[in-house]
Amino acid sequence: MKLSNIALCSILVLGVTGIQAKTFKWASASDIATWDIHSQNNALQNGIHSAVYESLMYYNSKTFKIEPVLATSWNQLTPTQLRVNLRTGVKFHDGTPFTADDAVFSIQRAMAKSSNFTPYINGVDRVVKVNATTIDVITKGANPVLLNQMTELRMMSKAWAEKNNSVDPKDIKTKDENFAHRNANGTGPFKLKEWKADQRLVLEKNAGWWGTMEGNATEIIYTPIKAEATRIAALLTGEVDFVLDPSPQDLPRIRSNGALKVLDGVENRTIFFGFDHGRDELVGSSVKGKNPLKDLRVRQALNMAVDAEAITRVTMRGLGQPTAALVAPQVAGWNEQLHKRPAVDFDAAKKLLADAGYKDGFEVDFACPNNRYINDEEICQAVTAMWSRIGIKAKLRTLPLVTYFPMIQRNEASIYMLGWGVPTFDAVYSLQSLVRTVGTGGDGNYNVGKYSNPKLDAVIDRAKTESDQFVRPRLLAEALEIAKNDVSHIVLHNQVIPWVMRKNIDVVHRSDNRIDWRLVKVN
């Protein structure tokens, strides 16, 4: 029986497609919390979202220079007016065109009360549609890092959001859901095919994507695997091709395995502990009627009792860079002096506690995630033992990422762990979010301990709009030094990130610990 030309062509096309189809299977410890792109500012989640939702501009993975994505160009018309020209011919996954209305809506959505993305609209007053392919971003004053901020503002369809009751972002602090929480409609190179929370995430290639893929992945399957040993076992058996967060103790045998390879790099993420500076009495503490964490001497004692070098050497197996700076070396504002931690001195720490009125120490709540950062739970266990040597009885509780972050944002932890990457590569992003007094916009967006220092606020507010290339670095360094001297946080280390994968996988390592989905190759 002869086949028609049409049938024969169909078979050939299917055959070629089947041959070319490449599935990239990867894993890490935790799942994303939502598909709403403005609900939770979390680096793992933002990186996954970027496969489906695109921003107007983004960092080139090889040079880390900002390049056009859904924008084609931009021009700073005045110190407070950025004109952005939008790419034409782009369609959302539901087939509707991307226009200026969507860009205006998306940036305004990031400014909403329930949005967790206010650090990225720092200084933005409003966004205005000029015509169908042009918008103006109007700032309250000069903003030297506006473009850096906009790399994290991904675009959502206005019509889709309005149709599906998702005009406002899902509030991370509540259990309420909108349609955008479990569904996605972006313009990116991949579409959301399936998401079963804490089980499996599947993305499929967007055949109608406007761009050109350098990689060849046609399907991405992500599996959250909390147990370190299980993640590596999955890699060794070929169940997954790539692990984002291998355990430090497994790295020697992985490096010696001829079927695997490791890419190492320093992440622009700093790990630290924050304090409840706000309450007059700590919840669950043995100290009644006052908050010992408000006393600088107590914070200095806790900091002095933490041996960051030992944590890096023993707990992290070298995958850390001990520091006292609130930002990593890649971030504008960092300097070597900020980097130096105080000497470990248990006797001096005990004296500080005694001087503060706590010679016998006290009990305090201590909360940490158990599947977000490299050996996060183990780090907190080690620190608990260190603090016990000066009489501090830290009541450690660990939670998975999806419940941990909403908890600390409800201000329910006395001492908490946080890791903070800097997508803008500028210290204002960290300073404004972490130590600026809680206020409007992005001020204190992640200042979940309610720290407040008017002198520091004044320096941060100056740095927000300072464009002078000589003055601005001094302001950033001054602000970081104030935070360090006041022990706003106990800073531990900058993470060193190894990516492990099978030999047939090619990816580009990024210091923000994100995979560039456009470059993934399965050989």
Side-chain angles (χ1 to χ4, degrees), residues 57-60 63-67 73-84 118-125 137-153 266-270 272 321 323-341 420-437 439 441-445 447 451-489 491 494 511-512:
M57 58 279 293
Y58 201 51
Y59 294 112
N60 180 289
T63 67
F64 256 85
K65 293 181 179 178
I66 295 174
E67 61 183 10
S73 62
W74 47 83
N75 185 24
Q76 195 77 49
L77 299 181
T78 73
T80 60
Q81 182 182 11
L82 177 71
R83 176 152 292 176
V84 182
T118 48
Y120 304 111
I121 49 88
N122 169 45
V124 174
D125 182 55
V137 180
I138 311 298
T139 57
K140 299 169 186 175
N143 185 341
V145 291
L146 179 60
L147 293 180
N148 305 63
Q149 292 173 196
M150 292 181 68
T151 62
E152 285 293 75
L153 296 178
V266 178
E267 188 183 13
N268 68 342
R269 176 177 303 281
T270 305
F272 50 83
Q321 182 185 61
T323 187
L326 202 53
V327 297
Q330 306 98 313
V331 178
W334 181 92
N335 63 46
E336 189 67 39
Q337 186 59 36
L338 293 167
H339 188 55
K340 187 176 180 181
R341 283 189 51 79
W420 197 254
V422 189
T424 63
F425 290 86
D426 184 273
V428 158
Y429 175 79
S430 298
L431 291 164
Q432 184 187 16
S433 296
L434 300 172
V435 294
R436 175 60 169 81
T437 300
D443 288 343
N445 173 259
N447 183 357
Y451 173 78
S452 182
N453 183 328
K455 180 182 177 182
L456 180 55
D457 290 347
V459 179
I460 294 170
D461 289 345
R462 279 189 61 196
K464 287 178 186 177
T465 58
E466 181 57 66
S467 299
D468 188 290
Q469 62 177 329
F470 298 105
V471 176
R472 194 161 194 281
R474 291 201 298 268
L475 289 174
L476 296 176
E478 180 184 355
L480 290 167
E481 185 175 14
I482 293 171
K484 175 185 176 180
N485 292 340
D486 204 23
V487 196
S488 65
H489 300 77
V491 184
N494 303 312
S511 62
D512 57 6

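Note: hydrogens, waters and symmetry copies are ignored here, and every other heavy atom, side chains too, is used. Note that the structure is a prediction, hence the values are computed from the model and not measured.
- D468 places a side-chain N or O within 3.5 Å of a backbone atom of F470 that can act as its donor or acceptor partner.
- Separation of atoms OG1 (T78) and CZ (R83) is listed at 10.0 Å; rounding is to 0.5 Å.
- Residues L476 and V331 fail the side-chain proximity criterion, which asks for heavy atoms closer than 4.5 Å.
- With sequence neighbours left out, R269 forms a salt bridge (Lys or Arg N to Asp or Glu O under 4.0 Å) with E267.
- More than 12 heavy atoms of other residues, nucleotides or ligands lie within 6.0 Å of CD in Q76, so this atom counts as buried by the packing criterion.
- With sequence neighbours excluded, the residues that form a side chain to side chain donor-acceptor pair (under 3.5 Å) with S430 are W420.
- Take E152 and apply the salt bridge (Lys or Arg N to Asp or Glu O under 4.0 Å) test, not counting sequence neighbours, and it matches R154, R514.
- A 4.5 Å side-chain heavy-atom check between L326 and T270 finds every atom pair outside the cut-off.
- By the side chain to side chain donor-acceptor pair (under 3.5 Å) test, Q81 pairs with D136, sequence neighbours left out.
- Applying the ring-ring contact (aromatic ring centres under 6.0 Å, His included) criterion to Y451, with sequence neighbours excluded, gives H277.
- Judged as a side-chain contact (heavy atoms from CB on, under 4.5 Å), and not counting sequence neighbours, the contacts of E336 are W334, H339.
- Every residue was checked against the side chain to side chain donor-acceptor pair (under 3.5 Å) condition with S488, not counting sequence neighbours, and none meets it.
- For the side-chain contact (heavy atoms from CB on, under 4.5 Å) test, residues two or more places apart in sequence or in another chain that qualify with K140 are D125.
- Within the 3.5 Å criterion, the main-chain N or O of N122 finds a donor-acceptor partner in the side chain of N143.
- Listed by first and then second residue, the salt bridge (charged side-chain N to carboxylate O under 4.0 Å, His left out) pairs that reach into residues 420-437 are D426-R472, R436-D443, R436-D457, R436-D461, sequence neighbours excluded.
- Remark: Q321 engages N494 in a side chain to side chain donor-acceptor pair (under 3.5 Å) (not counting sequence neighbours).
- Here the side chains of L434 and F272 are in contact, with some heavy-atom distance below 4.5 Å.
- Partners of F425 under the ring-ring contact (aromatic ring centres under 6.0 Å, His included) rule, at least two apart in sequence or in another chain, are Y59, F64.
- Judged as a side-chain contact (heavy atoms from CB on, under 4.5 Å), and not counting sequence neighbours, the contacts of N485 are E481.
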